[in-house]
Amino acid sequence: MPELPEVETIVADLRPHLVGRTIARCELSFRTIVRHPEPEEFVDAVVGMRIESVARRGKYILIRLVPGPGPGSRPGPSGPAPPPALPAPPHEWGGKGRFPMNGEEEDVLLVVHLGMTGQLRLVDEVTPLEKHTHAVFFLDDGRQLRYRDPRRFGRLLVGTQEALLASKKMPRLGPEPIDMEFQAEQLYRELKRRRAPLKAVLLDQKAIAGVGNIYADESLHRARLRPGRLANTVSKKSARRLHESLRESLLVAIANRGSSVDTYRDAWGEAGGQQEKLLVYGRAGEPCFTCGRPLSSTRIAGRTTVFCRRCQR
DNA sequence: TTAAATTCCTGTAAGC
DNA sequence: TGCTTACAGGAATTTA
């Protein structure tokens with residue numbers, strides 16, 4: 001499933017191709033994938049808009065839209081090349097818990113959450129339409145940005161930041177774990193005030209944004225911590241180890257273009273490479289790479305959880 | 001207020 | 001072989 005590293009990969013791939021493009025048309029074939037506003041308003045809101053930036057916040061893809069050139073001046077299929085990609089602002093959001101970006105108040109955000117099986121792909125018009133494609137954005141260069149999602153856990157939203165916040169459809173997200181501003185002390189404070197299992201806190205998007213089942217298990221293993229241990233019992237030293245492990249798990253996964261353990265594919269339909277390198281996720285019963293003991297499996301916070309009884313105390 | 005349980009959804013794989 | 005059933009999980013919602 002797409003977690004922070006997978007979404008980061010997609011966003012980085014799409015950015016240079018999408019920035020500067022105008023959405024000429026939008027077709028929805030599955031209405032309820034749109035969570036805000038009503039589907040008709042959604043289409044009205046995106047058509048004719050120019051893509052100003054493409055960013056990520058947690059597991060959310062944020063596409064900033066500004067009014068595009070009028071219909072008369074819309075370039076044809078072989079229109080001008082996009083401007084050189086702006087160095088994306090690494091983090092376009094405010095402080096902890098605030099969603100999501102700077103920029104002008106009237107700017108519109110097209111928000112995409114991939115859920116479990118969502119895919120956002122950039123294709124040319126002759127690429128056959130795949131089953132479960134729920135939305136197609138027709139771009140002014142003839143290409144199409146397609147949203148596909150067999151299990152339909154994903155969602156699309158559009159609106160000004162103000163409107164999205166007011167709609168309550170966007171959650172308050174915790175800090176970005178790979179942000180340099182995110183310090184071990186901050187993680188320690190969050191853990192101290194929670195009586196839930198460590199794993200449950202890592203999965204809580206309000207505590208830390210972008211971590212899902214794969215990287216929660218991976219980082220707990222790297223930190224040698226039991227997933228079921230209550231968060232408020234960890235020492236400062238352990239919290240520092242978890243902080244470091246979290247960053248490492250996520251950054252290595254980004255370097256390897258994400259984990260394709262289920263149906264995850266990047267913007268070009270290609271699988272990532274991290275699934276080959278996972279330490280524990282999906283390896284229940286197989287030997288621990290550190291001690292050789294078979295990895296254990298249990299259920300925490302409603303999620304399958306794999307860990308090593310010997311290495312993770 | 002927080003934590004846990006339930007729900008949504010369909011493709012896949014195990015079991016009979 | 002073909003059918004049924006269990007399972008996968010992000011996050012909103014409901015319950016405790």
Side-chain angles (χ1 to χ4, degrees), chain A residues 1-8 10 28-37 56-62 97 99-100 111-120 130-135 147-157 164-174 176-177 189-220 227-234 250 253 258-265 271 275 278 280-285 295 297-307:
Chain A
M1 20 284 131
E3 302 180 22
L4 186 155
E6 290 74 29
V7 177
E8 180 68 29
I10 291 175
L28 295 175
S29 44
F30 185 76
R31 294 164 49 86
T32 57
I33 210 76
V34 173
R35 301 302 171 89
H36 184 85
R56 178 191 61 75
R57 175 78 172 96
K59 301 173 193 171
Y60 288 83
I61 297 168
L62 307 175
F99 172 81
V111 180
V112 181
H113 192 295
L114 300 171
M116 277 184 71
T117 56
Q119 299 173 348
L120 199 57
E130 286 183 283
K131 196 177 174 186
H132 306 300
T133 299
H134 305 312
Y147 180 77
R148 173 173 185 266
D149 187 3
R151 249 167 274 184
R152 307 203 297 230
F153 273 28
R155 63 205 71 216
L156 305 178
L157 306 93
L164 288 171
L165 282 170
S167 77
K168 311 261 183 192
K169 301 280 172 63
M170 293 299 305
R172 292 186 173 281
L173 296 172
E176 287 289 324
R189 282 200 306 270
E190 178 67 20
L191 296 178
K192 272 295 155 193
R193 60 175 213 90
R194 301 287 294 262
R195 218 174 329 104
L198 274 176
K199 165 127 179 197
V201 177
L202 292 184
L203 291 175
D204 182 353
Q205 301 302 297
K206 293 188 288 300
I208 303 159
V211 179
N213 207 27
I214 299 172
Y215 301 106
D217 277 8
E218 292 294 300
S219 53
L220 285 166
R229 179 159 162 198
L230 294 187
N232 60 2
T233 69
V234 301
L250 296 168
S259 302
S260 292
V261 291
D262 195 355
T263 57
Y264 166 72
R265 291 294 181 274
Q275 65 281 4
L278 297 177
V280 289
Y281 181 89
R283 298 190 62 244
L295 295 172
S297 178
T298 183
R299 226 172 152 75
I300 295 173
R303 300 286 176 270
T304 300
T305 301
V306 183
F307 67 102

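Remember, predicted model here, so these are calculated numbers, not experimental data. Chain letters run A, B, ... following the sequence lines, proteins first, then strands; residues in each count from 1.
- In this structure, A:Phe307 and A:Thr298 have side chains that are in contact, with non-hydrogen atoms separated by less than 4.5 Å.
- Between A:Ala196 and A:Gly302, the residue anchored closer to the 5' end of DNA chain B is A:Ala196, taking for each the nucleotide with the nearest heavy atom.
- Looking only at side-chain heavy atoms (C-beta outward), A:Ile300 and A:Leu198 stay at 4.5 Å or farther from each other.
- Between A:Lys59 and A:Glu3 there is no salt bridge, since none of the side-chain N atoms of the basic residue sits less than 4.0 Å from a carboxylate O of the acidic one.
- On a pure distance criterion of 3.5 Å, no polar donor-acceptor pair joins the side chain of A:Arg155 and the base of C:dA11.
- Closest contact between the side chain of A:Arg303 and the listed nucleotides C:dA11, B:dT10, B:dA3 involves C:dA11.
- Residue order along DNA chain C, read from the 5' end via each residue's closest nucleotide, puts A:Arg299 first among A:Lys168 and A:Arg299.
- Atom CZ in A:Arg195 sits roughly 9 Å away from atom P in B:dA4 (whole-Å rounding).
- Residue A:His113 places at least one side-chain N or O closer than 4.0 Å to OP1 or OP2 of C:dA11.
- A distance cut-off of 5.5 Å between ring centres, combined with a plane angle under 30°, leaves A:Phe153 outside any stacking arrangement with the base of C:dA11.
- The residue A:Tyr264 sits apart from the nucleic acid: no heavy atom pair falls under 4.0 Å.
- Among the heavy atoms of the strands lying under 4.0 Å from A:Pro197 are primed sugar atoms or P, OP1, OP2 only; no base atom is included.
- Summarising the geometry, the separation between CD1 on A:Ile300 and C1' on C:dG9 is reported as 15 Å, rounded to the nearest angstrom.
- Considering only side-chain atoms of A:Asn213, the nucleotide from C:dG10, B:dA3, B:dG11 that sits closest is C:dG10.
- Within the 4.0 angstrom heavy-atom criterion, only backbone atoms of the sugar-phosphate kind lie near A:Thr304; the bases stay farther away.
- Going from atom CD of A:Glu190 over to atom C1' of B:dA3 covers 13 Å, rounded to whole Å.
- The base of C:dG9 lies outside donor-acceptor range of the side chain of A:Arg151, with no N or O pair under 3.5 Å.
- Looking only at side-chain heavy atoms (C-beta outward), A:Val280 and A:Glu218 come within less than 4.5 Å of each other.
- Distance from the side chain of A:Pro171 is smallest to C:dA12 among C:dA12, B:dG11, C:dG10.
- Note: A:His113 and A:Tyr60 have perpendicular aromatic rings, judged against thresholds of 30 and 60 degrees for the angle between ring planes.
- Counting to the nearest Å, the C1' atom of C:dA12 and the CZ atom of A:Arg35 are 9 Å from each other.
- Checking B:dG11, C:dA11, B:dA3 against the side-chain heavy atoms of A:Lys131 singles out B:dG11 as nearest.
- Note: CG (A:Leu202) to P (C:dG10) measures 13 Å, nearest angstrom.
- Taking atom CE on A:Met1 and atom C1' on B:dT10, their separation rounds to 15 Å, with Å as the unit.
- With contacts defined as side-chain heavy-atom distances shorter than 4.5 Å, the pair A:Thr304/A:Arg299 qualifies.
- Distance NZ (A:Lys192) to P (B:dT2): 17 Å, rounded to an integer number of Å.
- One atom, CE of A:Met170, and another, P of C:dA11, lie 10 Å apart when rounded to the nearest Å.
- Contacts of A:Met116 with the nucleic acid, taken as non-hydrogen atoms under 4.0 Å apart, include base atoms.
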